[in-house]
Amino acid sequence: MTNWPASNLPDEAQAWRRKMEEELDAQKRTFKTWQVNGAALQKAQESLSNAIADANLTIKEQTETVADARRVPAAPADAQVSANAYFDEYGRPQATVWGSCAPVLKDTNGNPIEVSYHEMYGRPTNAGEAWQKLADSYALPPEFKYAPLPGGEQWDFCMAAVSIHGVVGERSAVLTVTLTKDTTPPPQPSAPTCTARLGQVMVNWDGLTSGGQTQPADFSHCEVLMASSSGGSGYKVGTIDKDGDTFYAPEQEYNATRWFYLVAVDYTGNRSLASTRVSVAVTPLVNTDLIGRVIDGVNVKLDTLDTDVLKDNAVSMDKLDSLTRDTINNAAADAVTANGRVTTSLNAPTVPDGAGKPVGALWYRNDAAGGVIGMWEWTGTAWSPREFQNAVFGSIDAAKITTGIIDAGRIGANTITAEKIAIGDFENLVDGSGFEDAATIPWNLANAPGTITHVTTGPAHSGTGALEMSSAGTVSNVPTFATFNVQEGDGFYVELWAYRDAAYNGTAGNAKLSMRRTDTGAQIGSWSYSAAAVPTASTWTLISGTGTVPAGVTRVYFVLFRDNTAGSIVLDDIVIRRRSKGELLVDGAITARTLAAGAVTAGKIAANSIGANEIVANSITGDEIAANAITASELAALSVEAGHIKANAVTADKIEAGAITTVKLAAGAVTADKIEAGAITTVKLAAGAVTANAIAADAINGKTITGALIRTAASGARTEMNTSGIRVINSSSQELLRIGYGISTGMSIRNPGTGSLVPLSDAAFGSVTDAKTDSLGYAVPVSETSAANGGPGTWGPWSRHTTESLQVVFTAVAPVYLINFGQVWSAPYAAGHSVQVLVAPTVNGTRLSATNGPYFAPSDYMNCSATAAEPRMGPVVGSVPINTTVGTAYTIQLQFRTNGWGTSAPVAVLANRFIVATPVFN
């Protein structure tokens, strides 16, 4: 038998319950006027006794209330947790957790207790992790939902009840769940295009699948693999991101064929099938050798050359012209007789050395072998350094050159090799670490929820976004989504800006940016932002340094750690770049400023080695080109851009039919005035080619938009709509409304008191009610043998009053309905009589019984033989759920049966009664 508390009844049912109680009080007051004086005196005496008893009861109730407020709800039973995987709007893998438990009805001592709501907690399954409250549930039985959590991780969960006095009960048994993660690999990528150029291979990718579609939202990057044969095994040499970037494969053997192919990887780490292999062979840079023939100019900086270019003692006296030799010989002779005007020493001069020397006196510093390595002139107050001008020496040993400029005529053939040219790489491997756009942050913040967070208010080194590390009891970290190919000796340059408060206490051991190898996770370099490394609070401090990859490491990733237990620190503008190794000659290594004017002549350039990409815009004008010197055979595909063609120079008769394809057109070469009306149809447009600012107003009226996130703003107060539903978010990033998203009643609204989203009440979808207040008399059968035994007779049959019209009729809109019902019975005074009543609802004419549902009875019988001669009242209230079929019609009525005992048949009166049917969706 189910006994539903009044607080769980719908508003209509509670209203009728209160109305019945008011009717009872009114009838009691009416009957009291019938009392005789003797009875009134007796009543006064009873009232006095009752008042004294009530006072004692009040004290007792207050004591019980205090004790009740301290009671602790028992631990929930039958706790269950499950998880589903999904992708967020940025394509990152996440998990949603669903939980449920049996409602808590008793305290820890086994006594009944009233519970306000239930809570679900969670934490990562790691030692020392603290419990976090994830969700509340006001439903019965309790059901919970929370997202997002990082897919693939193992988490612990438990539930607890909260009493109406706010006491949190004991927790349920801990449930450990491995959060579901995506296991579907990305589609096979399209084949790359490979070009051999300048001693290396350029690998390009269009960013599409092998079928020409866009990669899915959870796509992360493509691995570039290389093999030495068409069917042989390959190994990873680099990566290409989702934007269709270019990867350079350097140091390939000349004229050796290599096969390149791609494997797509998603954010979870699932790998696709390999793409089709593409072969390419590296050709030499020029016909003979680049060094000594291409570089030949006075603009090559000497600090790019090492001293080992010139042999020791290469500059001897016989290499100097006669004037230089005479100058040195005369200076040596004069040094003996110049009366202090010339001094030679192994040391540089100091001011005291000038005492007594005339203005213009010279000081030569020699090395141990007697060579001159420095010269100074006395000004009267200081020694001023002097330099040898190039007119002084006809030839000189390169080992003696430390500053200045060497023109091309001074550099021997083959003396500058590729390893002598330093190369820089200015790509930031963690681009997006200015934290201005949450969608481009390269760090996996889901790995440390609540402790390492993206913030857009507070201190920021640039812009408005930054990364804040709050205090917590355990160490947490966020790794980069990407990993990076390396080899022994590779160097990295790291810099970041840090801003801390006075309470921050991060340590050098675990407040750091760490470089780690992917195979073992071991650290191979770190840069600390501990409290000691950021010595001044509330001030931005630059932290920078370098690191080198040790032997045996082929791939690395980077991690931000925090361990502060007090205060906070903010990081911004993080940069990680590869350092120059000085071993590669790649595009951009030799620039125009490195070459002297006229140093590169036509004889130094191999046929077809210069394309449009090697020519600076507007650097070649008509004056530099001989008449008819350039014919079509000299032009490489895409080498002529629109900006290189004189207006009206190309007329229709100059173009062969079908000669111009898309590969012949440079970006931006075709403008709107060049396109015939109606020439571009939807099949001509690439995915993503049309953006919002390219769409005319009203252009999409009446059209269908699929697979999109539509929102009024990227952040802050906004309304969003996607395939899951619609949600409204305020400026504090709190959800105010959800429509759809799998909510049982279709809508959730934020409770301003708790801040939680609460599903729309089932009653909003149409409670059905009926109520009657007329009085119906009913003769109660009596079947007892004597009035003395006081026992009941035989129960009468179940029936519905012959004049009863109370009923509710509805067509079901939910699979379950809650039926609330009630009747008020009264029986007038009759000496030696008592009446008992049972009431049960009927569904489409079938009464609910012990086999198909409970029926309800009053807690006591009505004793009609009270001395006070006032009528006995019997309210009967019940509530029972029934299963329904959506779309089916139902009629709900009430039946009753009575049992009386005494010396004659009493008459019972059926007064107020009601039925309320409420749909239940969850």
Task: Nearest heavy-atom neighbours spanning L445 and V478 - done: CA-CG1, 3.7 Å
- [ ] Would you kindly check if the NZ (Lys) or CZ (Arg) of K133 is within the cone defined by 45 degrees around the ring axis of Y121 and under 6.0 Å from the six-membered ring centre?
- [x] no
Task: Contact check, side chains of V224 and L262, non-hydrogen atoms, under 4.5 Å - done: yes
Task: N-O pairing of R577 and E495 below 4.0 Å - done: no
Task: Side chain proximity check, E436 to T464, heavy atoms < 4.5 angstrom - done: yes
- [ ] Answer yes or no: is there a side-chain heavy-atom contact under 4.5 Å between V265 and N270?
- [x] no
- [ ] Apply side chain to side chain contact (heavy atoms under 4.5 Å, CB included) to the pair F157 and L134, showing each step before the final yes or no.
- [x] CA-CA 9 Å; F157 299 92; L134 302 180; 3.7 Å; yes
Task: Residue that, paired with F481, satisfies ring-ring contact (aromatic ring centres under 6.0 Å, His included) out of Y267, F558, Y557 - done: Y267
Open item on the list: Do S272 and P187 have side chains that approach each other closer than 4.5 Å (heavy atoms only, starting at C-beta)?
Closed with: no
- [ ] Salt-bridge test for D490 and R578: reply yes if a basic N is under 4.0 Å from a carboxylate O, no otherwise.
- [x] yes
Task: Aromatic ring proximity, centroids under 6.0 angstrom, F219 and W205 - done: yes
Open item on the list: Less than 4.5 Å apart, side chain to side chain, heavy atoms only: is that true for F484 and T239?
Closed with: no
Task: R277 NZ/CZ over Y261 ring centroid, <6.0 Å and within 45° of normal - done: yes
TODO: Would you name the heavy atoms of G506 and D563 that are closest together and state the gap between them?
DONE: CA-OD1, 3.4 Å
